[in-house]
Asker: 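Encoded as structure tokens, here's the structure I'll be asking about.
Each chain gets a letter, A, B and so on, in the order its sequence line appears, and its residues count up from 1.
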2 protein chains.
Amino acid sequence: MIEIRHLQLLQKVAATGSLSAAARELGFSQPAASQQMRALERSVRTPILLRNPGNTTLTEAGEILLQHAEEVLARLALAKKEIAAITNLESGTVRLASFPSSSATILPRALSMVSQQHPGVHFTLVEAEPPESLSLLRQGSCEIVIGYTYRRPLETEPQGLLRIPLCDDPLHLALPRGHRLAGKTQPVSMNQLRRERWIAGCPRCRRQLVETCQDAGFEPDIAFSTDDYLAVRSLVSEGFGVALLSGLMLSSVRLGTLELCAVKPAPVRAISAYTTPALAKVPAVRATLEALATISRKLRAEGGPGPLPVSG
Amino acid sequence: MIEIRHLQLLQKVAATGSLSAAARELGFSQPAASQQMRALERSVRTPILLRNPGNTTLTEAGEILLQHAEEVLARLALAKKEIAAITNLESGTVRLASFPSSSATILPRALSMVSQQHPGVHFTLVEAEPPESLSLLRQGSCEIVIGYTYRRPLETEPQGLLRIPLCDDPLHLALPRGHRLAGKTQPVSMNQLRRERWIAGCPRCRRQLVETCQDAGFEPDIAFSTDDYLAVRSLVSEGFGVALLSGLMLSSVRLGTLELCAVKPAPVRAISAYTTPALAKVPAVRATLEALATISRKLRAEGGPGPLPVSG
DNA sequence: GCCTCCCATAAGTAATGCCAATGACAACGC
DNA sequence: GCGTTGTCATTGGCATTACTTATGGGAGGC
């Protein structure tokens, strides 16, 4: 078998015209060089060197091999360089999957932070809600997923994945203008909502809504379900019902004629980043995750994901 | 250090999506594959594989390395193929250096013989007389030298070179038409030539002539020396003197108005092929040397190098 | 639930590659 | 002429490497 070190040595021998000199330059002994060249000749089954003391040259086969060796070594050097660029965050792409609210808030700030420090790193983003987005991660279609989980119902921690908690996203009660509870400065108890009609979000959010209400001792009257949060907002505005909307989402859309107030006990969804243990070792992925964590810390310091919005 | 086998394995892993399958296809155990990939990742200091059981894929760095690996492996395969072509006598070039008489006789027949059996082998030829031609050989400018040595003066066997005796080339006495010795059917004794004026050839031939005459008990009267054998021929024709001309040379040029007869004791020069021990192992060189030996055997069977030429 | 497939790890063994020392050979200088 | 210096080849010993078998853990499928 031809080995890389054989090619390197061959190159040196051709350059210096001497086995000894080549060995010296490569930092090993002359017998080692002799044996390597012998092994090379054995592996290609033909003489490569013409060993004239002090003037060792190549046979025709040797010259051909040398040409290819130059090419191969250059290729390998290039490969190392390109890979080094990736490890040094001078190039590379991180593919993210995230749900819309995050894409509009945490994510841009984190990615911008990475981009400033490492202009060579690029990103792609697809929008996907947690169950599907984690599949993307598992099947290798992305490196990082931004997802959320509700405390209730207790969702099973995804297997084999790494979860990086980012921040908690409290849900707020959205009311139409003029609603009896509008304008309350104190948090509204869930108990006070047992007679309301509800607008629910995506299936998981709907399930979460149901369980939250059950905890409060009633079954919610869900008049409408949609995963389009702009639709939820409009339906609430029109007086169709009330809804629980995430602070993160509310911080990124215009409120329109919505009234908001806090809820007690506050339902919360946990925003997390997900990746695989292996991907967490990729520098660009690691840097992105760290930026996400940093931005989340900042958000928490600023008082949660999106300040409690004021209507209007 | 990146190794070839790492690249081969990487290729297989990328193709099969599994370390185990790749190991099986390459004929070694799964732990070996695992260790190799680990070594590769250590050598490039970054993760290469995303080890999802049953669906092992490559990281971005891995994909880059894979691209280069394909290129490198293809190069090496090409190198092997080209070298195999040389060892199988399907390509390659043999550079020869030879003196004119040989270039016109033995050499063409031998080369044509090689060419017929191995059409892919090519030749180059430079004309050079022995002392210089052997330098060409030593400095790597050619692979085979056709040269000659005289028995007297005893020339030192060239050091470190391989000599393949080809044939003996007897010298004939060339006389102008009408010379007193012209037309003799019996060999002429050197003794009978002590009063002649001589035309001598190249320095070595001249030295040989002197010694031959000294052996016969006289000092030759050398009227002219030239390494141009056509000039020698013409000078003899013009009655300028007599000369010793090689049978090989005489068999390849028109005699003109020359008269020839044998000499006793017959001065002989030995035609040999020279190469280096290392070059003798190169298939194309070996084949050419064998062809030269074969052709020489044929020449000897036909009664020496060039039949004793008849004048006219 | 068990079973199977995949990968990682550990320990032992075989092979490989290197070094130091020595030998042979040719070239250079005195 | 002969020693000296350079080259490369060879040998024996040692250290490293790289493979093997055996075992364990984790994920997915029936």
Asker: Answer with base, sugar-phosphate or nothing: what part of the nucleic acid does B:Ala32 contact at a heavy-atom distance below 4.0 Å?
Answerer: base

Asker: Name every residue in residues 35-49 of chain A that has at least one heavy atom under 4.0 Å from any atom of DNA chain D, in order of residue number, or write none if there are no such residues.
Answerer: A:Gln35, A:Arg38

Asker: Give me the first and last nucleotide of DNA chain C, going 5' to 3', that has any atom under 4.0 Å from a heavy atom of chain A.
Answerer: C:dG17 to C:dA21

Asker: If you assign each of A:Asn55 and A:Pro31 to its closest nucleotide in DNA chain D, which residue comes earlier from the 5' end?
Answerer: A:Asn55

Asker: What is the distance, to the nearest angstrom, from the CD atom on A:Glu3 to the C1' atom on D:dA18?
Answerer: 12 Å

Asker: Reckon A:Ser18 has a side-chain N or O less than 4.0 Å from the OP1 or OP2 of D:dC8?
Answerer: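 For A:Ser18, the contact criterion (side-chain N or O under 4.0 Å from OP1 or OP2 of D:dC8) is met.
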
Asker: For a quick check of understanding: with a heavy-atom distance under 4.0 Å over all strands, which category does B:Ser20 fall into, base, sugar-phosphate or nothing?
Answerer: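 If one applies the 4.0 Å heavy-atom cut-off, B:Ser20 turns out to touch the sugar-phosphate alone, with no base involved.
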
Asker: Pull out every protein N or O sitting under 3.5 Å from an N or O of nucleotides 27-30 of chain D, one pair per line with the distance.
Answerer:
{"from": "D:dA27", "atom 1": "OP1", "to": "A:Gly160", "atom 2": "N", "distance (Å)": "3.4"}

Asker: For B:Ile48, is there any backbone N or O sitting under 3.5 Å from a side-chain donor or acceptor partner on B:Thr59?
Answerer: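 Yes.
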
Asker: Tell me the interatomic distance from A:Met1, atom CE, to D:dA18, atom C1', rounded to whole angstroms.
Answerer: 15 Å

Asker: Any heavy-atom pair between the side chains of A:Leu161 and A:Thr275 that's under 4.5 Å?
Answerer: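 A:Thr275 vs A:Leu161: side chains apart.
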
Asker: Any heavy-atom pair between the side chains of B:Thr93 and A:Glu60 that's under 4.5 Å?
Answerer: yes

Asker: Nearest-Å distance, CG (A:Leu19) to C1' (D:dG6)?
Answerer: 13 Å

